[in-house]
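Residue numbering restarts at 1 for every chain, and letters A, B, ... go by the order of the sequence lines.
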Amino acid sequence: MDYKQQVTNALVKALDGQLTADEISSKLERPKTSDKGDLAFPTFTLAKTLHKAPQQIAQDIAEKLDQTGFEKVAVVGPYLNFFFDKAAYSEETLNAVLAAGASYGQNNDGNQGNVPIDMSSPNIAKPMSMGHLRSTVIGNSIAEILKKNGYHPIKDNHLGDWGTQFGKLITAYKLWGNEEDVKKDPINKLVEYYVRFHKEDVDKPELDDEAREWFRKLENGDQEAHDLWQWFREVSLQEFNDIYKVLGVEFDTYNGEAFYNDKLAEVVQLLKDDHLLVESQGAEVVDLEKYDLNPALILKSDGASLYITRDIATALYRDRTYHPVKNLYVVGSEQMYYFKQLKAVLEEMKVPSAKDLHHIPFGLITVDGKKLSTRSGRIILLADVLKDSIDLAEKEIAEKNPTLKDKEAVAKQVGVGAIVFGDLKNERMNSIDFVLADQLKFEGETGPYVQYARARAQSILRKADGVDVQAAGNEITDPEAWDTIKALADFPAVVKMACAEYEPSVVAKYAIRVAKNFNKYYAHTKVLTEDAELPARLALVTAVSTVIKESLRLLGVQAPDEM
RNA sequence: GUCGCAAUAGCUCAGCUGGAUAGAGCAACGGUCUUCUAAACCGUAGGUCGAGGGUUCGAACCUCUCUUGCGACACCA
């Protein structure tokens, strides 16, 4: 039973058609605290038409209102506060969770439509930094949220595996590198060469000529260049995969930039056919004046392609391969303008999925307020942060739960969970000035806090083994349980909102809310007491465990049964 | 310079799209482990919601102006 609907119906009757159901429904709000009721109707809007004080209107409505089905309806000033029937509501909510299990909250809004997600996208031969973490975990979470809403996400790791930097890398490797070193520590060695190249080319501009030549060879399919490129790509990918494994993120495709090499000519041809390409200052551009945007540069004056050329090819490929209902790009906010241009060009080309192309931007990670950069050495290695966090989790376990089994596995779940949850907890767009100590927090509103609440729930359930928890008769009247029950009932709406806004933080905040309410509940109420409501309380604990685990799963965070 | 994003407690952030006394966490201070794991719970203190106008019954939220910070502005990605 939809209580909002029930409140609306009661009000429609009492108001005798003065407001439509929709008008009433949109005015209903949730009071800040449960002592003011569960849904409230403010009467201000009626004051004008009725020429009466809102307080009086609230009184009048209350008198006419059919209050059956509610615990009570209270008039507080200009508000009508509705209190739900706790026994009925808790029974309904708990039974719904128990019956559905992990699929509680699942809907089919997406109708299984394909949604390619451009995400993670690290650059070959460069280490993954905290910036890549954001794109990876936000993209991964959005994919899970989409699935929960009936979409079919396709996670595409759009690797930065092509470009002039490979000319530089090959040049540097041929000059200073050797196979053995690279095999031992691939990315660090490759970065070392790359950095050295940039140091030395200041005095030796001939290095740049050589690099250009190597890239030209690479583009023309030169065997040696291609073999080196492929090798660099492979060893880099192996290291990336180690991190993805730790994060628990998998991809459906790894179609990097190189994948589109043979698809660029068609893009240019299509643009020409549509007469969209115009010459400007020696370069080929698409004019975007009607979108109030600067022209998009498609071909450089030397005829070479650019990033956007590749991205058009990518969009075209995805359009033809998947017929997407949405097209998502989880890329930093600094590229907002760029994505407006990309979308505009695709719309000019009448690519069907262009109108559903969404850039999902996220805030920048800085150190001391400054942007990260591989070349300058201002970088935070993701692998290091994850390791620090896992180490700290190990220490916490040694201190707090030394007899725990599978310590290592749990430390990993908790340590990684802290980092991932920490990243997803706040609104995407917030920029983050990186401070390691801020990341390594396990207390308060953190991943471990949520994990801990569920571990405690599991602990109770283990001790209650043998008590029959049935999907019936789960009426809980304990007011201490009320906020938890309401939180559980909100999950399906949370799943929808997170999807509509592409905001994992909606789920993360929700998980905190459930955990917090549950912590309060069991701190106050002893669950394992032999009385008539014991099965109902265990049903509540089971439901909490299920919903927290599922919320964390949507965030890509694991939920250990013990910690 | 133009455009975009932001500004809420000492710090990090919420604030359900315009409603009730602006809420959490951290840090500080005080309390709670012979009872389901103290990664927890309870309490105290902490605010001119960057500034100023406008819209209306009502604004942290909408609008305008300004200030400050960050970012983007065609041959990088």
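Taking the six-membered ring wherever Trp is involved, the centroid distance between the rings of Tyr329(A) and His358(A) does not fall below 6.0 Å. Ring-centre distance between Tyr449(A) and Phe442(A): not below the 6.0 Å cut-off.
Counting non-hydrogen atoms under 4.0 angstrom, Thr43(A) reaches nothing in the nucleic acid. Looking at heavy-atom distances under 4.0 Å, Val414(A) makes contact with a base. Among the protein residues, Ser333(A) comes within range of no part of the nucleic acid, since none of its heavy atoms lies under 4.0 Å from any strand. Contact annotation for Gln458(A): no contact, since no heavy-atom pair falls under 4.0 Å across all strands. Residue Gln341(A) is out of contact with every strand shown, counting any heavy-atom pair closer than 4.0 Å. Contact annotation for Ala455(A): base contact, defined as any heavy-atom pair under 4.0 Å involving a base atom. Residue contacts shown for Ala453(A) are absent, as no nucleic acid heavy atom lies under 4.0 Å away. Across all strands shown, Pro54(A) has no heavy atoms under 4.0 Å from either base or sugar-phosphate atoms. Within 4.0 Å (heavy atoms only), Lys520(A) reaches sugar-phosphate atoms of the nucleic acid but no base atom. Leu461(A) comes within 4.0 angstrom of no nucleic acid atom, judged by non-hydrogen atoms across all strands. Note on Asn81(A): a base of the nucleic acid sits closer than 4.0 angstrom, heavy atoms only.
Lys52(A) meets the salt bridge (Lys or Arg N to Asp or Glu O under 4.0 Å) test with Asp60(A); sequence neighbours excluded. Shown here are the salt bridge (Lys or Arg N to Asp or Glu O under 4.0 Å) partners of Glu445(A), two or more places apart in sequence or in another chain: Lys516(A). Looking at residues two or more places apart in sequence or on another chain, you find a side chain to side chain contact (heavy atoms under 4.5 Å, CB included) between Asp287(A) and Glu289(A). His524(A) is linked by a side chain to side chain contact (heavy atoms under 4.5 Å, CB included) to Glu480(A), counting only residues two or more places apart in sequence or in another chain. Applying the side chain to side chain contact (heavy atoms under 4.5 Å, CB included) rule to Lys370(A) yields the partners Arg378(A); only residues at least two apart in sequence or on another chain are considered. Not counting sequence neighbours, the partners of Ala53(A) by the side chain to side chain contact (heavy atoms under 4.5 Å, CB included) test are Gln55(A), Gln56(A).
Rounded to an integer number of Å, the gap from Lys371(A) NZ to G69(B) C1' is 16 Å. If you measure from atom CD of Gln451(A) to atom P of A40(B), you get 12 Å, rounded to the nearest angstrom.
Screening residues 23-45 of chain A for ring pair (Phe, Tyr, Trp, His ring centres under 6.0 Å), with sequence neighbours left out, gives Phe44(A)-Tyr79(A).
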Under 3.5 Å, which protein N or O atoms sit close to an N or O of nucleotides 74-77 of chain B? Give each pair with its distance.
from	atom 1	to	atom 2	distance (Å)
A74(B)	N1	Ser280(A)	OG	3.1
C75(B)	O2	Ser301(A)	N	2.7
C75(B)	O2	Ser301(A)	OG	3.3
C75(B)	N3	Ser301(A)	OG	3.1
C75(B)	N4	Gln281(A)	O	2.7
C76(B)	OP2	Lys300(A)	NZ	2.8
A77(B)	OP2	Tyr307(A)	N	3.3
A77(B)	O3'	Glu257(A)	OE1	3.2
A77(B)	O3'	Glu257(A)	OE2	2.8
A77(B)	N3	Gln335(A)	NE2	3.3

Please produce a list of atom pairs where a protein N or O lies less than 3.5 Å from an N or O of nucleotides 2-6 of chain B.
none

Mind listing the N/O atom pairs, protein and nucleotides 62-64 of chain B, below 3.5 Å?
none

Under 3.5 Å, N/O pairs linking protein and nucleotides 54-61 of chain B:
from	atom 1	to	atom 2	distance (Å)
C57(B)	OP1	Lys48(A)	NZ	2.8

Grab the N/O contacts between the protein and nucleotides 23-29 of chain B below 3.5 Å, and write none if there aren't any.
from	atom 1	to	atom 2	distance (Å)
A24(B)	O3'	Lys516(A)	NZ	3.4
A24(B)	O2'	Glu445(A)	OE2	2.0
A24(B)	O2'	Lys516(A)	NZ	2.5
G25(B)	O2'	Glu445(A)	N	3.4
C26(B)	O2'	Lys441(A)	NZ	3.3

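In this structure C29(B) sits in the anti conformation; its chi angle is more than 90° from 0.
Pairing partner, C11(B): G25(B), with both Watson-Crick or wobble hydrogen-bond distances short of 3.5 Å.
Taking side-chain N and O atoms only, Tyr521(A) has no distance below 4.0 Å to OP1 or OP2 of C36(B). Between Arg456(A) and A39(B) there is no side-chain N or O to OP1 or OP2 distance below 4.0 Å.
On a pure distance criterion of 3.5 Å, no polar donor-acceptor pair joins the side chain of Asn401(A) and the base of A38(B).
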